[in-house]
Amino acid sequence: MIRLYNTLTRQEEEFRPLHEGKVSLYTCGPTVYWFAHIGNMRAFLFADILRRTLEVNGYEVKMVMNITDVGHLTSDMDEGEDKMIVAMQREGKTAREIAQVYTDAFLADVDRLNIKRANLYPKATEHIPEQIEMIQSLEKNGFTYRTSDGIYFDTSKLDSYGRLSGQKGEEKLAGARVGMGEKRYATDFALWKFSPAHSTREMQWNSPWGIGFPGWHIECSAMSMKYLDVPFDIHTGGVDHIAVHHENEIAQTQGAEGVLEANLWMHSEFLTVDQGKMSKSLGNLYTVADLIERGYDPLAYRYLVLGAHYRSKLNFTFEALDAAHNALTKLRETIRDWDEPDIGCAELEEKFFASLNDDLNTPQALAVLWELVNADLPTGAKAESLLKMDRVLGLRLKTVLGQALDVPQDVQRLVDERETARGNKDWKRSDELRVAVEALGYLVEDTAQGPHIKKHSPTVVK
Ligand code: AMP
Ligand code: ZN
């Protein structure tokens, strides 16, 4: 039995899929106007842990993640410029080129963090007719009105509006009537925005209402319906999606199709830096590439994220990343000389999967992993259970398990020389040689059986 927290009902629920043995999962994907930062990647790591947990429970998961390449304005409230256009101006490229560069960069990060790829990555710009069709349904059902700059959703017409965030429109946006333009109601939102007259902008399309482009929210309602059918099982995103983006997605699907878009709504908390927001202007925004440049293995970041529950804020510091890096290195070194997987330890496996099935309690699952590593059991048994656990943790432990170190010749020579120095009680030389071995990325430990060579975590450059 899997229990998951549903933002919609504000409680943990036993998960029951709509179709036996199958799960339909939609995750709001990146806006491809810039590199995804490690905070964004936390949201995608969360969705990956969810997906892998469902899979080890025997479900066949169909996962769809949209690529937002039009319509997401610099403010989530239908104001400002399209983020893609800002990027075009910044980089002197076409919108299509920008989208390609940052989609590729995103997928590279997905692979580096060992996030399983979604089954489909539909792009907003490739689903304009579907979005137009949905707006037409909303129009037919009486949920839209026209202003001089677009077609808007009238939130006052939908009784259930506000059910996700638990606030009615008036409460939510009390006093926020400034900057409303011609909107009738503060929570109303754009479905279609008109291009200014004679605009030559690249991203504009014909529609029954005039030339323009879709609002940000309609792509997810239209594409989730196309690829998963509605209602589907689970919809995920970051907590910042709750109040506006997901509330509006729900409203659109409800208004157009008369059904709830998804049964279960799950949201991951933010990654903060220095307890605050990550931002380029503060110089504290990091990408996966930045971490690699500083000498970290991207999987150390995955380990760090696993160490916090997805519904808790996680404060990023390099000290915390160092600790995750060291723990992962220690784990890899410990399992390097383990025996071939044999019959596993059922008790610890059960405890591990029970933690995950309890609303994805990854910190507890990691603690069980270490309990296994330190248990007084044959290493073959531990290896078997470890690999099962790693199907969800995704730390690529199989690549090191039982892989005795292939020590380079120059390192081995230094270690041999050090042994000679030790034999001669030349401690000064012995210490120098230890430092030389470390500089090559290895550690030497003196055991009763002789020197034991281990891989050293790369020196972290800050
Ligand atoms: P975007 O590319 O802006 O559409 O965001 C992609 C995902 O990252 C969304 O699920 C956001 O909720 C999430 N997100 C944005 N900032 C952060 C952050 N600092 N920590 C965690 N998730 C974030
Ligand atoms: Zn979305």
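For clarity, every value in this text was computed on a predicted model and none was experimentally measured. Heavy atoms only: backbone and side chains are in, while hydrogens, waters and symmetry mates are out. Order of listing sets the numbers, starting from 1, for every ligand and every atom in it.
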Residue, atom name and distance, where the atom is the protein heavy atom closest to atom 9 (C) of ligand 1:
His241 CE1, 3.4 Å
Could you list which atoms of ligand 1 come closer than 4.0 Å to a heavy atom of Phe44?
6 (C), 7 (C)
Side-chain donor-acceptor contact under 3.5 Å, Tyr227 with Asn119:
no
Without hydrogens or angle criteria, can the side chains of Ser224 and Glu261 be said to hold a donor-acceptor pair below 3.5 Å?
yes
List the closest protein heavy-atom neighbour of atom 22 (N) of ligand 1: residue, atom name, distance to the nearest 0.1 Å.
Gly39 O, 3.0 Å
Which of parallel (below 30°), tilted (30 to 60°) and perpendicular (above 60°) describes Tyr59 and Phe15?
perpendicular
Tyr152 and Phe189 aromatic centres sub-6.0 Å:
no
Of the protein's non-hydrogen atoms, which lies at the shortest distance from atom 18 (C) of ligand 1, and what is that distance?
Phe270 CD2, 3.5 Å
Have Asp104 and Gln100 got a donor and an acceptor in their side chains that come within less than 3.5 Å?
yes
Between the side chains of Glu349 and Ser385, is a donor N or O closer than 3.5 angstrom to an acceptor N or O?
yes
Do the side-chain N and O atoms of Glu249 and His241 include a donor-acceptor pair separated by under 3.5 angstrom?
no
Hey, what's the ring geometry for Phe44 with Phe106, parallel, tilted or perpendicular (30° and 60° as the breaks)?
perpendicular
Record the part of Lys277 in heavy-atom contact with ligand 1 below 4.0 Å; permitted values are side chain, backbone, both and neither.
neither
Does His37 come within less than 4.0 Å of ligand 1, judged by its heavy atoms?
yes
Quick test: of every protein heavy atom, which one is nearest to atom 8 (O) of ligand 1, and how far off is it to 0.1 Å?
Asn40 ND2, 2.9 Å
Taking the six-membered ring for Trp, are Phe318 and Phe316 parallel (under 30°), tilted (30 to 60°) or perpendicular (over 60°)?
perpendicular
When the ring planes of Trp192 and Trp209 are compared, do they come out parallel, tilted or perpendicular, using 30° and 60° as the limits?
tilted
Atoms of protein origin (N, O or S) under 2.8 Å from the Zn ion (ligand 2):
Cys28 SG, Cys220 SG, His245 NE2, Glu249 OE2
What's the shortest distance from atom 4 (O) of ligand 1 to any protein heavy atom, and which residue and atom give it?
Thr31 OG1, 3.0 Å
Taking only heavy atoms of Gly238, which atoms of ligand 1 are found under 4.0 Å from at least one of them?
10 (O), 12 (O)
Does one side chain, of Thr329 or Asn326, offer a donor that lies under 3.5 Å from an acceptor on the other?
no
Parallel, tilted or perpendicular, judged at 30° and 60°: which one describes the rings of Phe46 and Tyr310?
parallel
Proximal atoms of ligand 1 relative to Pro30 (non-hydrogen, under 4.0 Å):
2 (O)
Among non-hydrogen protein atoms, atom 19 (N) of ligand 1 lies closest to Leu271 O, 3.1 Å
Nearest non-hydrogen protein atom to atom 11 (C) of ligand 1, with distance, is Asp240 OD1, 3.4 Å
